[in-house]
Visitor: 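Can you keep this structure in mind? I'll have questions shortly.
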Amino acid sequence: MCGIVAYIGNKQAQPLLLEGLKRLEYRGYDSSGIATIDGSSLKIAKAVGRVANLEAELDSLGGLQGSIGIAHTRWATHGSVNKLNAHPHRDRDHGISLIHNGIIENYASIRTLLEAKGHVFETETDTEVLGMLISHLYDPDNGVDLEKAVQGALREIRGAYAIAVICQQEPDVMVCARKGSPLLIGIGSGEYIVASDPSAIISHASTAITLDDYSVARLTRDGFRTTTVDNVELSPKVMQLEMDLEEIELGDFEHYMLKEIYEQPDALRRCLKGRLDKNEGKVVLGGLNTFAKELVKSRRVILTAQGTALHSAMIGEYLLEDLAKIPAECEYASEFRYRNPLIEDRSVVVAVSQSGETADTLAALHEAKDRGALSLGVINVVGSTIPRETDAGVYLRVGPEIGVASTKAFTGQVAVLTMISLFMARRRMMSPEASARLMNELERVPDMIEQVLETDKRIAEITAKYVHRDNWLFLGRGYNYPTAMEGALKLKEISYIHAEGMPAAEMKHGPIALIDEGMPVVFIANQGNQYDKVLSNIEEVRARGGHVIAVATEGDKQIESLAEDVLYVPAVEECLSPMVTVVPLQLLAYHAALLRGHDVDKPRNLAKSVTVE
Ligand code: AGP
């Protein structure tokens with residue numbers, strides 16, 4: 001939800017922190033701020049809006065000096081979007097400043113207690129309460145230094161946090177901690193760079209300290225120490241950062257979203273590489289081998305996710321039942337975690353998440369694990385929280401996804417869920433020949449996507465015909481019902497046009513009342529086993545004046561007499577078709593957002609990873 005970055009070392013902190021903020025801006029961009037300690041004086045600068053506004057503010061101040069600093073780009077949870085509520089926050093008594101990603105759930109009661117002790121608050125945020133509590137506990141003359149004060153405060157709060165704290169009375173110390181929100185500590189030579197994710201660290205460090213929940217790290221230029229919030233020493237966990245810089249550079253593209261749409265063929269090739277043994281007709285997923293027997297003997301699979309990841313998980317449900325013949329269901333994580341779900345023995349839960357940090361998905365995973373389910377993760381960000389908490393999993397390997405609107409992660413998730421289904425199917429009833437045939441078709445999907453990308457110009461032209469319309473429907477059947485949901489979400493989240501995705505047949509049970517003259521209705525009408533039914537639904541829409549935009553199979557002439565516009569895709573096996581039929585919908589949304597003049601990569605109100613509930 002927010003991006004935090006912090007630095008302690010021997011270089012000037014400000015340029016490094018600004019670079020880090022720009023890398024993290026996709027995580028939240030309401031406002032931003034920076035604090036440094038120069039000698040023993042704490043200085044803070046903040047600005048509303050993009051990081052560029054903070055740079056202008058810093059220029060007007062002549063910049064902030066100091067080789068220790070913290071910085072934050074905000075997605076507002078508590079408190080409106082203004083300069084006062086922007087982080088970093090500071091106290092009045094000791095020059096303690098902090099940045100925070102997460103939510104302090106019991107901040108109101110703590111604020112009341114602190115106000116009763118005479119503390120005066122300036123902002124509406126929960127973060128200021130945490131900072132004030134640290135300040136209230138800080139008592140270096142009696143042995144409560146910054147590390148101890150932070151530990152003490154964290155023992156009192158409930159909620160999620162990733163924080164970095166500095167104090168002008170201890171200018172050579174930084175204290176970081178996390179619970180439920182992501183935080184990594186990049187290890188440089190005589191320096192550390194702390195951030196919410198690797199993208200702000202990789203140009204400075206190739207290894208990082210990862211903190212488990214309730215861990216605290218005390219950093220100085222001479223070294224670090226990690227403890228629990230009860231000050232019990234912990235042995236540090238260090239990981240290799242698997243990301244290189246060009247993966248997160250924009251290159252020749254105007255937007256990350258377009259770059260990531262165009263990356264899909266190569267991203268999928270990386271995702272599939274080394275995982276399809278066509279001689280044996282077996283999928284090779286090293287991360288699942290330990291649990292292969294349990295997976296094969298499992299009685300039910302529950303897939304859980306949010307947003308785009310939920311749509312790919314819905315396709316996973318169809319794939320598991322269709323290919324592996326195992327009962328499967330897909331649930332919104334936010335619903336699953338609270339509805340007291342039934343988890344019989346030999347159940348498997350699959351958490352699908354690009355970021356591996358989505359709070360609801362993590363909580364649903366915990367709920368299923370607590371009830372005895374074997375847990376798998378289908379995740380893109382290596383070393384993120386969910387894969388650290390599942391029994392096993394499969395990484396997408398599609399590379400960092402920066403655009404807030406998820407694209408290559410969707411096709412990567414569908415590819416991985418296809419491979420997991422084949423992994424199980426082949427160890428249950430599927431023959432080597434049937435499995436190898438599907439694998440051959442799966443290997444052709446990247447080429448098919450390349451063919452669709454060549455029609456980008458035509459997709460832009462068709463989008464322009466309808467972009468002024470404020471209400472759209474997206475309809476599909478079978479495997480492409482979730483694809484229709486995904487197409488609607490893409491259009492909504494970056495063009496702000498209202499769109500609904502649903503099963504094509506459901507339209508007649510109410511939504512058909514919405515159709516008026518010229519309303520754009522997008523059908524996924526590729527030639528599959530419900531093709532004729534989709535044609536009937538198209539007729540029903542046309543009869544009421546709707547304008548049909550059909551995603552159809554190359555060579556299909558019949559559709560041309562029914563649809564106003566046709567977006568062609570290559571013929572593809574139905575169970576693999578969402579990876580191909582989604583691409584015109586991604587490009588349609590992209591062009592609609594451009595035509596409407598919106599910020600494609602940082603759409604309003606959104607953030608890349610929803611790490612709060
Ligand atoms: C998709 O375009 C959105 N950005 C959003 O729905 C996203 O898919 C959802 O928040 C889940 O994120 P995750 O995959 O990182 O868990």
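Values reported hereafter were calculated over all heavy atoms of this structure, with side chains retained and with hydrogens, waters and symmetry mates removed. Note that ligands are numbered from 1 as they come in the structure, with each ligand's atoms numbered from 1 the same way.
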Visitor: How close does the nearest protein non-hydrogen atom get to atom 2 (O) of ligand 1, and which residue and atom is it?
Guide: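 The protein heavy atom lying closest is E493 OE2, 2.4 Å.
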
Visitor: Quick one: do D601 and K608 make a salt bridge, cutoff under 4.0 Å?
Guide: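 No.
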
Visitor: Could you see which bit of K608 sits under 4.0 Å from ligand 1, with heavy atoms only: side chain, backbone, both or neither?
Guide: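 Neither; no heavy atom under 4.0 Å.
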
Visitor: With a 4.0 Å cut-off on heavy atoms, is T361 touching ligand 1?
Guide: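 False for this residue.
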
Visitor: Need the ligand 1 atom indices (1-based, order shown) with element for anything under 4.0 Å from a heavy-atom of K490.
Guide: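 Those atoms are 1 (C), 2 (O).
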
Visitor: Classify the side-chain pair T127/H100 by whether it contains a donor and acceptor separated by less than 3.5 Å.
Guide: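 T127 vs H100: donor-acceptor pair found between side chains.
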
Visitor: Does ligand 1 have any atom sitting under 4.0 Å from a heavy atom of A405?
Guide: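 Yes, A405 has a heavy atom closer than 4.0 Å to ligand 1.
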
Visitor: How close does the nearest protein non-hydrogen atom get to atom 16 (O) of ligand 1, and which residue and atom is it?
Guide: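 Ranking protein heavy atoms by distance from atom 16 (O) of ligand 1, first comes T358 OG1, 2.5 Å.
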
Visitor: Check each atom of ligand 1 against the heavy atoms of S406 and keep those under 4.0 Å away; list them by number with element.
Guide: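 Going through ligand 1 atom by atom, the ones under 4.0 Å from S406 are 1 (C), 2 (O).
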
Visitor: Would you kindly say whether Y590 and D456 are connected by a side-chain donor-acceptor distance under 3.5 Å?
Guide: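 Looking only at side-chain atoms, D456 and Y590 do not form any donor-acceptor pair under 3.5 Å.
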
Visitor: Numbering the atoms of ligand 1 from 1, which are under 4.0 Å from a heavy atom of V404?
Guide: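 Once the distances to V404 are compared, the set is 2 (O), 3 (C), 4 (N).
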
Visitor: Please check if any side-chain donor atom of T73 sits under 3.5 Å from a side-chain acceptor atom of K22, or the reverse.
Guide: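 No.
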
Visitor: Side chain, backbone, both or neither: which part of E357 has a heavy atom under 4.0 Å from ligand 1?
Guide: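 It is neither part, as no heavy atom is under 4.0 Å.
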
Visitor: A quick test of your reading: do over 12 heavy atoms of other residues, nucleotides or ligands sit less than 6.0 Å from CG of D252?
Guide: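 Check fails, neighbour count at 12 or below.
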
Visitor: Is it the case that the side chains of S203 and E19 hold a donor-acceptor pair, with the cut-off being a distance below 3.5 Å and no angle test?
Guide: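 There is such a pair between these side chains.
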
Visitor: Indicate whether any N or O donor in one side chain lies under 3.5 Å from an N or O acceptor in the other, for T385 and R178.
Guide: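 Looking only at side-chain atoms, R178 and T385 do form a donor-acceptor pair, the distance falling under 3.5 Å.
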
Visitor: For atom 8 (O) of ligand 1, what is the closest protein heavy atom, and at what distance to 0.1 Å?
Guide: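 Going by distance alone, atom 8 (O) of ligand 1 is nearest to T308 N, 3.1 Å.
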
